[in-house]
Number of protein chains: 2
Amino acid sequence: MGSQGFLGEFEQLVLLAVIQEGDSAFALEVRRMIEDRTGRSISRGAFYTTLDRLERKGMATWTQETPKDQRRRAPLRLYRVTPEGLDALRESRRALDSLSRGLDALLERGR
Amino acid sequence: MGSQGFLGEFEQLVLLAVIQEGDSAFALEVRRMIEDRTGRSISRGAFYTTLDRLERKGMATWTQETPKDQRRRAPLRLYRVTPEGLDALRESRRALDSLSRGLDALLERGR
DNA sequence: ATTTCTCGTCTACATTATAGACTATCGGGT
DNA sequence: ACCCGATAGTCTATAATGTAGACGAGAAAT
């Protein structure tokens with residue numbers, strides 16, 4: 001149910017990017033994906049702060065992971081979106097969609 | 001062009017609702033539309049503050065209008081989204097879409 | 001004139017967004 | 001071993017957005 005507490009614009013992008021990577025994603029890969037797909041540039045500070053917030057709100061979690069990948073160094077944060085996070089994302093999407101109805105052409109959506 | 005300075009989540013909803021009303025819209029009708037379509041409840045303060053901010057950023061404008069509507073009282077704010085506002089909306093939409101690609105089923109989009 | 005609507009203003013505070021300096025760790029020279 | 005460059009993540013501070021509620025003004029009903 002509508003659990004109050006909506007997602008900010010950037011929070012939505014972060015959650016979506018994690019999901020895009022599959023079931024889970026390494027932090028900086030998520031960052032790179034957002035930069036690549038949206039063209040925005042994101043500082044590390046801005047990025048991790050948002051990740052931490054999402055964690056505190058119970059919308060994302062992470063675990064230390066040391067990828068067996070050949071030339072690998074320190075353990076990394078491997079992120080996952082929680083069911084709550086997915087719900088929040090759906091709710092945001094619902095709001096946006098309901099107010100965008102009929103405006104696809106105007107918004108150049110469908111490109 | 002990417003004019004920097006992105007729209008917040010709620011700002012997007014407000015801009016979209018103004019557009020939904022047609023070319024222009026009375027303030028409180030916009031508010032009612034957002035409440036109706038999204039189920040969120042919005043205080044007057046929150047609403048006007050956002051409207052003012054959008055105006056300062058050049059994304060919306062308004063004029064005093066005294067509707068010839070029969071039982072009418074004081075003049076009202078009639079809002080309009082500027083071309084800059086529409087651009088910003090498109091850019092936000094683009095970012096969201098590019099990161100939502102392929103996730104429609106998961107996000108229950110297409111409801 | 002007093003109450004009661006509706007519309008809008010103003011103030012204050014919470015949450016989110018964002019940058020940049022700082023720390024730590026690993027791998028590769030040398 | 002020691003230094004260097006690179007990568008990953010932390011911490012602090014500040015700006016921008018989001019949100020509520022008290023307040024004021026005009027018109028209409030009583």
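Throughout, a chain's letter reflects where its sequence line sits, starting with A, and its residues are numbered from 1.
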Under 3.5 Å, N/O pairs linking protein and nucleotides 14-17 of chain C:
{"unit_1": "C/dT16", "atom_1": "OP1", "unit_2": "A/Lys57", "atom_2": "NZ", "d": "3.0"}
{"unit_1": "C/dA17", "atom_1": "OP1", "unit_2": "A/Glu9", "atom_2": "N", "d": "3.0"}
{"unit_1": "C/dA17", "atom_1": "OP1", "unit_2": "A/Phe10", "atom_2": "N", "d": "3.0"}
{"unit_1": "C/dA17", "atom_1": "OP2", "unit_2": "A/Arg53", "atom_2": "NH2", "d": "3.3"}
{"unit_1": "C/dA17", "atom_1": "N7", "unit_2": "A/Arg53", "atom_2": "NH1", "d": "3.4"}

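We find that CG of B/Asp52 is positioned 13 Å from C1' of C/dC7, with the value rounded to whole Å. Distance CZ (B/Arg32) to C1' (C/dT6): 11 Å, rounded to an integer number of Å. Following rounding to the nearest Å, A/Leu51 (CG) and D/dA8 (C1') show an atom-to-atom distance of 12 Å. For B/Arg56 and D/dA16, the CZ to P distance is 10 Å, given to the nearest whole Å. Between the C1' atom of C/dT6 and the CD atom of B/Glu29 lies a distance of 13 Å, rounded to the nearest Å. Between B/Glu65 atom CD and D/dG26 atom P there is a gap of 19 Å when expressed in whole angstrom units. Whole-Å rounding puts the A/Arg31 CZ to D/dT7 P distance at 11 Å. Summarising the geometry, the separation between CD1 on A/Ile42 and C1' on D/dG9 is reported as 16 Å, rounded to the nearest angstrom.
Residues B/Arg93 and A/Ser100 bring a donor and an acceptor atom of their side chains to less than 3.5 Å of each other.
The main-chain N or O of B/Phe6 is never found under 3.5 Å from a side-chain atom of B/Glu91 such that the two would form a donor-acceptor pair.
Base contact: B/Arg44 has a heavy atom under 4.0 Å from a base atom.
With sequence neighbours excluded, the residues that form a side chain to side chain contact (heavy atoms under 4.5 Å, CB included) with A/Arg80 are A/Asp23, A/Ser24, A/Thr61, A/Leu78.
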- Message: One pair to check against side-chain contact (heavy atoms from CB on, under 4.5 Å): A/Met33 and B/Leu99. What are the steps and the verdict?
- Response: CA-CA 9 Å; A/Met33 167 169 283; B/Leu99 283 167; 3.8 Å; yes
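Salt-bridge annotation for B/Asp87 and B/Arg90: present, with a side-chain N of the basic residue lying under 4.0 Å from a carboxylate O of the acidic one.
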Determine all donor-acceptor pairs shorter than 3.5 Å in which one atom belongs to a side chain in residues 8-18 of chain B; sequence neighbours excluded.
{"unit_1": "B/Glu9", "atom_1": "OE1", "unit_2": "A/Gln12", "atom_2": "NE2", "d": "3.0"}
{"unit_1": "B/Glu9", "atom_1": "OE2", "unit_2": "B/Arg40", "atom_2": "NH2", "d": "3.0"}
{"unit_1": "B/Glu11", "atom_1": "OE1", "unit_2": "B/Gly8", "atom_2": "N", "d": "2.8"}
{"unit_1": "B/Glu11", "atom_1": "OE1", "unit_2": "B/Lys57", "atom_2": "NZ", "d": "3.1"}
{"unit_1": "B/Glu11", "atom_1": "OE2", "unit_2": "B/Lys57", "atom_2": "NZ", "d": "3.2"}
{"unit_1": "B/Gln12", "atom_1": "NE2", "unit_2": "A/Glu9", "atom_2": "OE1", "d": "2.9"}

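Side-chain nitrogen and oxygen atoms of A/Tyr48 include none within less than 4.0 Å of the OP1 or OP2 phosphate oxygen of D/dT10.
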